[in-house]
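Each remark here refers to the structure printed beneath this line.
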Amino acid sequence: MTLAKTLRKNPMAIGEEIIASLEENPIVENVELARPGFINFFVDKSVFFTVISEILSQKEKFGDGTIGEDRRVNIEFVSANPTGSLHVGHARGAAAGDTMARIMKKAGFEVTKEFYVNDGGKQIENLAKSVEARYKQLFGIDAAIPEDGYHGREIRAIAQAMKEAHGDRFLKEDGLDTFREEGVKRLLEGLKEDLFAFGVEFDVFFSEKSLYEEGEVEKTLEFLQNEGHTYKHEGALFLKTTAFGDEKDRVVVKSDGHYTYLLPDIAYHKNKLSRGFDLLIDILGGDHHGYIPRLKAGIRMVGGEDDTLEVDILQMVKVLQDGKEIKMSKRSGKAITLRDLIDAVGSDAVRYFFAKHSLNTHMDLDLDLAIKQSNDNPVYYAQYAHARIMSVFRKAQEEQYDIEFVNDEFTHLDHEKVYDLLDALSEYPALIEDAAKTRNFHKVTNYIHDLAQKLHTLYSAFPFLVDKKRARNERLSLLEAVRIVLKDALRLIGVDAPEKM
RNA sequence: GUUCCGGUAGCUCAGUAGGAUAGAGCAACAGCCUCCUAAGCUGUAGGUCGUGGGUUCGAUUCCCUCCCGGAACGCCA
């Protein structure tokens, strides 16, 4: 059909010619032409069974790929300011970044997961002042949270801890340094704990402050000036980002002498480059999309290529409760947190939910529905498939069957639903490659559902623990292969594969 | 006004190197447990793939118009 245009011929006619010119192949039993021009190959079914032995010998390495070619990739995600708890948007980013990292690792990339800690900017000052206000309030002093301050309950907790550790000392002297330091430390610990409970662990927490302390921001500024990428205008220093595709030049040093956030960001990405990464992936919220051209331009200026930085944009999650939208705002402290979600429906259900949706889906999360339906959540469908397989093996042990996995020809598995399952198993390596290459991690989740569905169908139609030993071992071999792949795929999206449910 | 996303079943979403009858979960309806876990299975119903054009043998998919929703357009981060 693809050739129809160039050959100016009817697809059916071309198909006939192709079929006529095919050579004999022992695997192919029959070839048919179908309207409007498809060629269907009917393959000797014994071929499909070889995947079982493959999986049983490779175990969880089945599907490991080489398309990464050991390229070193840095994936930066979450990077939430340590000024409060992680909210739903961060949760989506955390699930996405972690899943992407796991899939890319499986496909042969060397992946570093990184969290950029904004511990150097103005928000941190506001954090310190917010703690100070809460601290004073604990002594009955009427102190107001600053305008851009933070109202979350975790700020109160820090203030309380400060009171317990230092008494009223900071009523007499300035406590901002302590509040800042302790605030960042404690909030960051909280973020790590929540992420850990969500199955997300980072390789590197990179401090913005350290960039200043190591002089990397200044060095980057000097470098950009020396390379002629800057100019002065109305008292400010501009970066010629238009030279690399941005729509206008951007200020890096304000007329009051302060740096804009762009400068440390460029310094940070320069630092990543200096650590030898071939590819930098940033997962950012949808509200940052306008920032991409200038960041890319900056990276070009410090030695990166056009495709060195890949920015994957995460669309916002709209959270509904009582039919109304809840606005995400860390300042107000009203946001639904990752911790709230985990407590309500469990980490597995939340991870499955986020892993199911493509990054650029604008998601609606109805909390009432999510909690109410937690027992009907699709994650249990997949987990149940794994638990069911395990229960068959438990039963086999109870019956004291000696289980020997089959390594040669399968002659007792000729069932339509078995072929469906074999077909799905065979797809796994290609799926990993595709998901890793396109970063479409949600395809893995769809695959999991598909595999689980085929397993459930077969389970209902086909007894595994039959009397005849050979047949039984063939069936158990198939089950074990499904179990291995299912567990591995669940691992990729950060979901547990339970033995019992 | 410009840029980036999205608009597919009642709801939440899959489905792009253009292909056969557009799928899943939830919700609805009808069945299935003396048998390895019914958190399951089988079946039914539900669609002008936002609109209007174009390219093509063929368009949910590619191009253009318009409509609706979200986001961004700062010497804020």
Side-chain angles (χ1 to χ4, degrees), chain A residues 1-2 4-5 8-12 34-38 40 81 83 118 120-124 126 148 208 233-238 247-248 250-262 264-265 285-293 311 313-318 320 325 352-353 356-366 369-370 372-385 387-396 398-399 401 417 438 440 442-443 445-447 449-450 452-453 455-466 472 475-476 479 498 500-501:
Chain A
M1 289 181 285
T2 316
K5 201 185 295 181
R8 297 180 153 276
K9 267 188 190 174
N10 187 310
M12 292 295 277
R35 237 175 23 92
F38 291 101
N40 292 324
N81 297 337
T83 54
N118 292 99
K122 204 185 228 173
Q123 327 86 298
I124 300 303
N126 289 328
D148 290 325
E208 177 189 8
H233 180 65
E234 293 178 350
L237 191 71
F238 280 74
E247 59 182 11
K248 57 182 170 187
R250 308 290 172 174
V251 171
V252 283
V253 184
K254 297 186 257 182
S255 47
D256 66 2
H258 286 99
Y259 300 153
T260 63
Y261 52 95
L262 180 59
D265 275 358
D287 52 343
H288 286 83
H289 92 264
Y291 187 55
I292 300 171
V311 180
I313 287 295
L314 183 80
Q315 294 304 327
M316 302 265 172
V317 185
K318 190 197 278 184
L320 304 165
E325 180 177 357
Y352 193 90
F353 177 77
K356 215 166 97 64
H357 298 98
S358 126
L359 272 185
N360 38 15
T361 303
H362 298 250
M363 281 196 289
D364 281 358
L365 173 61
D366 187 325
L369 216 58
K372 200 177 81 186
Q373 293 181 348
S374 67
N375 250 1
D376 292 312
N377 194 295
V379 71
Y380 300 113
Y381 184 81
Q383 291 184 315
Y384 185 48
R388 264 188 153 171
I389 294 172
M390 294 304 291
S391 87
V392 175
F393 280 107
R394 271 195 303 273
K395 180 76 175 177
E398 275 172 36
E399 301 289 334
Y401 292 134
K417 304 300 181 189
T438 62
N440 282 329
H442 68 281
K443 289 186 177 183
T445 317
N446 290 338
Y447 175 85
H449 185 268
D450 183 59
Q453 188 262 113
L455 184 276
H456 284 310
T457 298
L458 183 68
Y459 185 95
S460 308
F462 198 69
F464 294 97
L465 299 177
V466 291
R472 189 170 64 231
R475 290 167 190 217
L476 289 175
L479 270 191
K500 260 186 194 175
M501 281 176 77

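This is a predicted model, so every value here is computed, not measured. Throughout, protein chains are lettered first and strands after them, A, B, ... in sequence-line order, and every chain is numbered starting at 1.
- Nearest nucleotide to the side chain of A:Arg388, out of B:rC36, B:rA20, B:rG40: B:rG40.
- At a threshold of 4.0 angstrom between heavy atoms, the contacts of A:Gly121 with the nucleic acid are absent.
- At the heavy-atom level, A:His449 lies under 4.0 Å from the strands shown only through sugar-phosphate atoms.
- Distance from the side chain of A:Asp364 is smallest for B:rC13 among the nucleotides B:rC13, B:rC36, B:rG6.
- Contact annotation for A:Tyr447: no contact, since no heavy-atom pair falls under 4.0 Å across all strands.
- Contacts of A:His357 with the nucleic acid, taken as non-hydrogen atoms under 4.0 Å apart, involve only primed sugar atoms and P, OP1 or OP2.
- Contact annotation: side chain of A:Tyr380 to base of B:rA39, donor-acceptor pair absent below 3.5 Å.
- Look at the P atom in both B:rA17 and B:rU60: the space between them is 15 Å, to the nearest Å.
- In this structure, A:Lys395 reaches the sugar-phosphate backbone alone: every heavy-atom distance under 4.0 Å involves primed, P, OP1 or OP2 atoms, never a base.
- Atom-to-atom, CG of A:Asn446 to P of B:rA22 comes out at 19 Å; the value is rounded to the nearest Å.
- In the set B:rC41, B:rA77, B:rC36, B:rA77 carries the atom at the smallest distance from any side-chain atom of A:Lys254.
- Nucleic acid contact class of A:Lys318 (heavy atoms, under 4.0 Å, all strands): none.
- Nucleotides B:rC33 and B:rU42 place their C1' atoms 14 Å apart, quoted to the nearest Å.
- Annotation: side-chain contact (heavy atoms from CB on, under 4.5 Å) contacts of A:Phe462 (sequence neighbours excluded): A:Leu413, A:His415, A:Val418, A:Leu458, A:Phe464, A:Arg475.
- Judged purely by atom type and a 3.5 angstrom limit, A:Arg472 uses its side chain to pair as donor or acceptor with the backbone of A:Val466.
- If you check every strand for non-hydrogen atoms under 4.0 Å, A:Lys372 touches nothing.
- Across all strands shown, A:Met316 has no heavy atoms under 4.0 Å from either base or sugar-phosphate atoms.
- We find that CG of A:Asn375 is positioned 15 Å from C1' of B:rG25, with the value rounded to whole Å.
- Following rounding to the nearest Å, A:Tyr352 (OH) and B:rC26 (P) show an atom-to-atom distance of 11 Å.
- At a threshold of 4.0 angstrom between heavy atoms, the contacts of A:Tyr261 include nucleobase atoms, whether or not backbone atoms are also involved.
- The residue among A:Thr457 and A:Phe238 whose nearest nucleotide of RNA chain B lies closer to the 5′ end is A:Thr457.
- Spacing between atom CD1 of A:Ile313 and atom P of B:rC4 amounts to 13 Å, rounded to whole angstrom units.
- Closest to the A:His442 side chain, of the nucleotides B:rC75, B:rC26, B:rG15, is B:rG15.
- For the pair A:Lys248 NZ and B:rU2 P, the interatomic distance rounds to 16 Å; values are reported in whole Å.
- The base of B:rC75 sits within donor-acceptor range of the side chain of A:Ser255, with an N or O pair under 3.5 Å.
- Between the P atom of B:rG25 and the CE atom of A:Met363 lies a distance of 20 Å, rounded to the nearest Å.
- Among the nucleotides B:rC5, B:rA20, B:rA39, the one closest to any side-chain atom of A:Asn360 is B:rC5.
- A straight line from NE2 of A:His289 to P of B:rA71 spans 12 Å, rounded to a whole angstrom.
- The shortest heavy-atom contact between A:Pro378 and A:Tyr352 is CB-CE2, 3.7 Å.
- At a threshold of 4.0 angstrom between heavy atoms, the contacts of A:His288 include nucleobase atoms, whether or not backbone atoms are also involved.
- The existence of a salt bridge linking A:Lys395 and A:Glu399 is confirmed by a sub-4.0 Å separation between a basic side-chain nitrogen and an acidic carboxylate oxygen.
- For A:His456 and B:rA38, the ring-to-base geometry does not satisfy the stacking test (centroid distance below 5.5 Å, interplanar angle below 30°).
- Counting non-hydrogen atoms under 4.0 angstrom, A:Ala387 reaches a base of the nucleic acid.
- Across all strands shown, A:Ser358 has heavy atoms under 4.0 Å from sugar-phosphate atoms exclusively, and none from any base.
- Rounded to an integer number of Å, the gap from CG of A:Leu320 to C1' of B:rG70 is 13 Å.
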| query | Once Watson-Crick and G-U wobble pairs under 3.5 Å are found, how is RNA chain B written in dot-bracket notation, 5' to 3', with | for any base paired to another strand? | reply | (((((((..((((.....[...)))).(((((.......))))).....(.(((..]....))).))))))))....
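- Checked against B:rG15, B:rG6, B:rC36, the side chain of A:Phe464 finds its nearest nucleotide in B:rC36.
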Extract from the structure each pairing of a protein N or O with an N or O of nucleotides 32-35 of chain B at less than 3.5 Å, listing the distance.
none

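- The backbone N or O of A:Thr445 sits nowhere less than 3.5 Å from a side-chain atom of A:His449 that would complete a donor-acceptor pair.
- Within the 4.0 angstrom heavy-atom criterion, no nucleotide atom of any strand lies near A:Asn440.
- Using a 4.0 Å heavy-atom distance criterion, A:Glu247 is classed as a sugar-phosphate-only contact.
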